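Data first, discussion second: the structure below is written as structure tokens.
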Amino acid sequence: MISIEEALNCIESQQNIFKTEVKPLQEVLGFALSEDILAPFDMPAFDNSAMDGYALCGLHQQYTIVGEIAAGDTSNFVLEDGDAVRIFTGAKVPANASAVMMQEKTKVEGVNLFLDEMPKAGLSIRKKGAELQKGQLVLQKGHVLNPSSMGLIASLGMDKVKVFSKPRIHMITTGNELVKPGQPKLEGQIYESNSFAIAGALEQFGFQCAQQQQVKDDFEETKKSIQKSMETCDVLILSGGISVGDYDFVKQSLEENGVQELFYKVFQKPGKPLYFGRRGDQFVFALPGNPASSLTCFFIYVLPLLQKWSGHSNLGLPWYAFPLQHTYENKFDRPSFLKARIASDGVEILDGQGSSMIQSMALGNALAFVELGQNFKKGDLIKCKLIS
Ligand code: AMP
Ligand code: MG
């Protein structure tokens, strides 16, 4: 059995052949850049007005209005001292303008412009290159594109982006007792829920489950299903059948399919019987079947591997430290990830910490971490990862 830290190190140190692609800008949300983006020109590309108002030549309180410049006008206005020109937000400011005065602080009588106050040099002019200068590093390789990055890249005039590809992900759920929701079930059977939770978690982080199969607790069937799935997937996620019960065939089936074990069993609660393996450039996680265990293992272990595969420079959900609303003693015999809720008045550890219990996870928004034997007083900081 290895520690949480060793398991995470093992995952984060995996190297794979990164695949890259060129995608239309509209489709790059959540993808990581596969190369640096440098500014192709200064931003802004020209001095422009931050206000609707008047561009002024010289610093006075009275001017003569000599014309108008709207956003998008490309003409080159030349002003003389004492001239003002009506200007609008985003319009190109004449080269010899000293400042722009917002229209709310002006009075107009015919061609005469009177200012309520003396302008300051450079007022309300967005200077060429103030945000970015030509050739400057704008976004670094490995940066995960968010909506702002997409807007930024568009403003640089680019409509295509070079990104790292995302893995093709398959999932196999195992268990004789499992019945798909919507079907009738008998006493002794349960509804299969892990594929829904994991598919949702994948989607939450910009990944997709391309294929899902369900198999019985049968060695041959499990082996065949893994073989078939691994013909085309990059990452395979299994659920259930990885413990030590007589009906747990996943580990043996993976071995028979040439998957090399990287670790099996992590000293943690929930999710002790977690398996991670590799075959060439393909990765396999076998998650314990208990719903809270499988989802916790997804957030802590599967996500960083998927991010690594996809070229992200930061792996895993970040840790935050928040004060606890109450005392807490870790009575479990292992370091534990606890279902928790972060609110404005601190962190609450929720009832329903059992590995099979998922309502507390649905109502919570975080996993809090406690070391073996760690005790907290009210107000002590506790480490948390936000999961929703
Ligand atoms: P296992 O890891 O196969 O021993 O399963 C552990 C527990 O999780 C058992 O109570 C199973 O019934 C339950 N379980 C396994 N797979 C799923 C699933 N896909 N959805 C919901 N519960 C499951
Ligand atoms: Mg099972």
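Treat the numbers as computed from the prediction; the structure is a model and nothing was measured.
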For side chain to side chain contact (heavy atoms under 4.5 Å, CB included), just list the numbers for S239 and M171, CA-CA rounded to whole Å, side-chain angles, deciding distance to a tenth of an Å, and then say yes or no.
CA-CA 8 Å; S239 127; M171 185 162 185; 4.0 Å; yes
Testing the 3.5 Å rule here: is there a donor-acceptor pair between the side chains of Y301 and Q268?
yes
Side-chain donor-acceptor pair present, E6, S3, cut-off under 3.5 Å
yes
Could you check whether [X] makes a cation-pi contact with [Y], meaning its NZ or CZ is under 6.0 Å from the centre of the six-membered ring and within 45° of the ring axis?
{"X": "K269", "Y": "F332", "answer": "yes"}
{"X": "K383", "Y": "Y320", "answer": "no"}
{"X": "K223", "Y": "F249", "answer": "no"}

Taking the side chain as every heavy atom from C-beta outward, state whether C297 and L295 have any atom pair closer than 4.5 Å.
no
Would you say the side chain of K141 lies within less than 4.5 Å of the side chain of F164, judging by non-hydrogen atoms?
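Of all side-chain heavy-atom pairs linking K141 with F164, at least one is under 4.5 Å.
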Apply salt bridge (Lys or Arg N to Asp or Glu O under 4.0 Å) to the pair E21 and K162, showing each step before the final yes or no.
CA-CA 6 Å; E21 58 192 292; K162 286 189 184 160; over 6 Å; no
Could you check K127, K128, R126 and say which one makes a salt bridge (charged side-chain N to carboxylate O under 4.0 Å, His left out) with D47?
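Going through the options one by one, the only one that passes is K127.
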Tell me whether the rings of F276 and F283 are parallel (<30°), tilted (30 to 60°) or perpendicular (>60°).
parallel
How far does SG of C57 sit from CG of D83, to the nearest 0.5 angstrom?
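That separation rounds to 6.5 Å.
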In terms of hydrophobic clustering (I, L, V, M, F, W, Y; side-chain heavy atoms under 4.5 Å; direct or indirect links), are V138 and I153 co-clustered?
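In one cluster with V138: I153, yes.
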Residues R86, D52: salt bridge by 4.0 Å N-O rule:
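Answer for the salt bridge query: no.
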Side-chain cluster (under 4.5 Å, hydrophobic types only) that L254 belongs to, other residues
I172, V215, I226, M230, L236, L238, I242, V244, V250, V259, Y264, Y275, V284
